[in-house]
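Here is the structure we will look at.
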Amino acid sequence: MAYEHILTETRNGVGLITLNRPKALNALCSDLIAEVSEALDGYEKDEKIGAVVITGSEKAFAAGADIKEMSSMSYMDAYLGDFITPWDRVAQNRKPIIAAVAGYALGGGCELAMMCDFILAGDNAKFGQPEITLGVMPGAGGSQRLTRFVGKSKAMDMCLTGRMMDAEEAERCGLVSRIVPAGDLVEEAVKTAQKIADFSLPIVMMTKESVNRSYETTLNEGLKFERRLFHSMFATEDQSEGMAAFVDKRKPQFKNK
Ligand code: CO8
């Protein structure tokens, strides 16, 4: 499938989406997001894909929503057109998605990274919610997801001043899972995704669902949800195989991957 603003390829059970608007530092125009959603939907349906990586360039993951596209938008355009809502499909995807972020991840770029399941950062990554400098506020989760990642004080600091944080600060405060040299980022992200894709797909998907549930519910309800899913895993062939392989001291051959 040929896209205008993204590149896609598959590597050993992993779907790799590369944002590709280099002249605009991968600014996230509506067409780009529609393409990302379509590619993700395709990977979600493709039984050979076990995990996805979204990345940009070494200079920019994405420098935000496309300011040129937004600058003449009216309230009615935004409201009636339900601006940004199509982005929800990224977070709703059922397969694991890793954001591999090098360079700028600003505004909608930072928000897109946070819609993924975890973020691997290149050592040159810079995260920020600079919408305040444009006379608006974050609109795709920056005031909500960022607060859950880094806590109120830092989220307020980022959203109210528009300052950027570097990769080390982002790792320290839990926004990113780990930092790798920017030049190795995509390889490392794909390797990580391949490791996930090698496990049982339904178990991976249930694990993602369970971790995500912790954001949406009380501890008690979340624990019950986790327990029910955990019990259900004993109805899968992959649980039998995984545990038998451990006992037999061999590598498991998961059927559902
Ligand atoms: N939108 C459109 N074009 C952009 C954007 C953007 N967000 N960012 C950079 N560009 C363009 C520039 O206009 C420039 O184009 P041209 O060569 O035609 O003038 C080209 O990319 C290169 O940019 P710079 O020359 O500015 O490059 P620098 O290396 O000097 O600076 C920066 C890099 C610091 C990243 C700078 O480009 C910048 O500040 N960009 C804007 C960052 C920003 O404010 N982002 C937030 C946007 S608002 C937003 O994301 C709202 C989210 C709401 C929901 C999102 C859902 C989509």
Side-chain angles (χ1 to χ4, degrees), residues 3-7 17-41 54-93 97 99-116 119 121-150 154-167 169-170 175-176 182 185:
Y3 293 108
E4 189 183 347
H5 302 302
I6 62 171
L7 304 170
I17 299 175
T18 306
L19 310 181
N20 187 35
R21 285 188 78 201
K23 288 190 182 135
L25 299 182
N26 292 332
L28 304 163
C29 59
S30 305
D31 288 346
L32 184 151
I33 274 304
E35 290 183 0
V36 170
S37 295
E38 197 179 318
L40 283 174
D41 286 352
I54 301 181
T55 194
S57 70
E58 218 168 301
K59 175 152 194 210
F61 176 72
D66 190 322
I67 300 168
K68 290 166 191 166
E69 188 180 81
M70 280 186 301
S71 60
S72 58
M73 190 178 278
S74 68
Y75 168 70
M76 278 305 161
D77 294 333
Y79 181 76
L80 292 177
D82 209 6
F83 181 49
I84 296 174
T85 300
W87 288 68
D88 293 347
R89 281 162 69 191
V90 177
Q92 285 161 0
N93 197 283
I97 307 175
V101 174
Y104 296 111
L106 303 177
C110 186
E111 292 169 313
L112 173 62
M114 291 189 292
M115 287 174 199
C116 299
I119 303 174
D123 51 10
N124 68 344
K126 284 192 164 47
F127 298 87
Q129 299 290 160
E131 289 88 343
I132 195 100
T133 67
L134 299 166
V136 289
M137 62 176 268
S143 69
Q144 303 301 302
R145 289 198 178 94
L146 184 66
T147 309
R148 284 167 164 79
F149 275 105
V150 306
K154 212 174 265 288
M156 283 286 190
D157 180 6
M158 303 292 294
C159 293
L160 291 177
T161 69
R163 80 171 175 88
M164 295 184 207
M165 66 161 84
D166 63 17
E169 183 179 2
L175 178 58
V176 311
L185 177 68

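The figures that follow rest on heavy atoms only: side chains count, while hydrogens, waters and symmetry mates do not. In what follows, residues are counted from 1 in the order of the sequence shown. Remember, it's 1-based here, ligands and their atoms both numbered in the order they're listed.
In this structure, Glu35 contributes its side chain and Tyr3 its backbone to no donor-acceptor pair below 3.5 Å. The backbone N or O of His5 lies less than 3.5 Å from no partner atom in the side chain of Asn20, so there is not a single donor-acceptor pair. Side-chain N or O atoms of Asn26 include none that pairs as donor or acceptor with a backbone N or O of Gly56 at under 3.5 Å. At distances below 3.5 Å, at least one donor-acceptor pair connects side-chain atoms of Asp77 with backbone N or O atoms of Ser74. Judged by distance alone, with hydrogens and angles left aside, the side-chain atoms of Thr147 form no donor-acceptor pair with the main-chain N or O of Ala155 at under 3.5 Å.
Protein heavy atom in closest approach to atom 3 (N) of ligand 1: Ala27 CB, 4.0 Å. Closest to atom 20 (C) of ligand 1 among all protein heavy atoms lies Lys23 O, 3.2 Å. The closest protein non-hydrogen atom to atom 24 (P) of ligand 1 is Leu25 CD1, 4.5 Å. Atom 10 (N) of ligand 1 has its closest protein heavy atom at Ala24 O, 3.7 Å. For atom 39 (O) of ligand 1, the nearest non-hydrogen atom of the protein is Leu106 CD1, 4.8 Å. Remark: minimum distance from atom 57 (C) of ligand 1 to any protein heavy atom is reached at Trp87 CZ2, 2.5 Å.
Only the side chain of Leu134 comes within contact range of ligand 1, with a heavy atom under 4.0 Å; no backbone atom does. Residue Glu69 does not touch ligand 1, judged by heavy-atom distances below 4.0 Å. Heavy atoms of Ala63 found under 4.0 angstrom from ligand 1 belong to the backbone as well as the side chain. Residue-level proximity to ligand 1 for Pro130 is carried by the side chain, the only part with a heavy atom below 4.0 angstrom.
Of the polar atoms of Lys68, at least one N or O is found under 3.5 Å from an N or O of ligand 1, judged by distance alone. Polar contact check, Pro138 against ligand 1: no nitrogen or oxygen pair lies under 3.5 Å apart. Note: an N/O pair closer than 3.5 Å links Ile67 and ligand 1 by distance alone. Backbone and side-chain nitrogen or oxygen atoms of Tyr104 are examined, and none is located within less than 3.5 angstrom of a nitrogen or oxygen of ligand 1. Checked by distance only, ligand 1 and Gly108 come closer than 3.5 Å through their nitrogen or oxygen atoms.
The shell of residues lying under 4.0 angstrom from ligand 1, judged by heavy atoms, excludes Gln129.
At least one side-chain heavy atom of Met158 sits under 4.5 Å from a side-chain heavy atom of Arg163. Side-chain contact check for Val36 versus Leu28: every heavy-atom pair is 4.5 Å or farther apart. The side-chain heavy atoms of Val176 and Val101, taken from C-beta on, include no pair separated by under 4.5 Å. Between Ile33 and Ile84, every side-chain heavy-atom pair lies at or beyond the 4.5 Å cut-off.
Applying the 6.0 Å contact sphere to CE of Met156 captures no more than 12 heavy atoms from other residues, nucleotides or ligands.
Per-atom contact check: atom 36 (C) of ligand 1 does not touch the protein, criterion being a heavy-atom distance below 4.0 Å. Distance check for atom 30 (O) of ligand 1: every protein heavy atom is found at 4.0 Å or beyond. For atom 27 (O) of ligand 1, a protein heavy-atom neighbour is found at a distance under 4.0 Å. Distance screen at 4.0 Å: atom 50 (O) of ligand 1 has a protein heavy-atom neighbour inside the cut-off.
To the nearest 0.5 Å, the span separating CE on Met70 from OG on Ser30 amounts to 9.5 Å.
Proximity to Met70 (heavy-atom distance under 4.0 Å) selects the following atoms of ligand 1: 48 (S).
With Ile84, Ile33, Leu28 as candidates, the residue nearest to atom 53 (C) of ligand 1 on a non-hydrogen basis is Ile84.
The side-chain hydrogen bond (donor to acceptor under 3.5 Å, both in side chains) contacts involving residues 130-140 comprise Gln129-Glu131, where partners must be two or more places apart or lie in separate chains.
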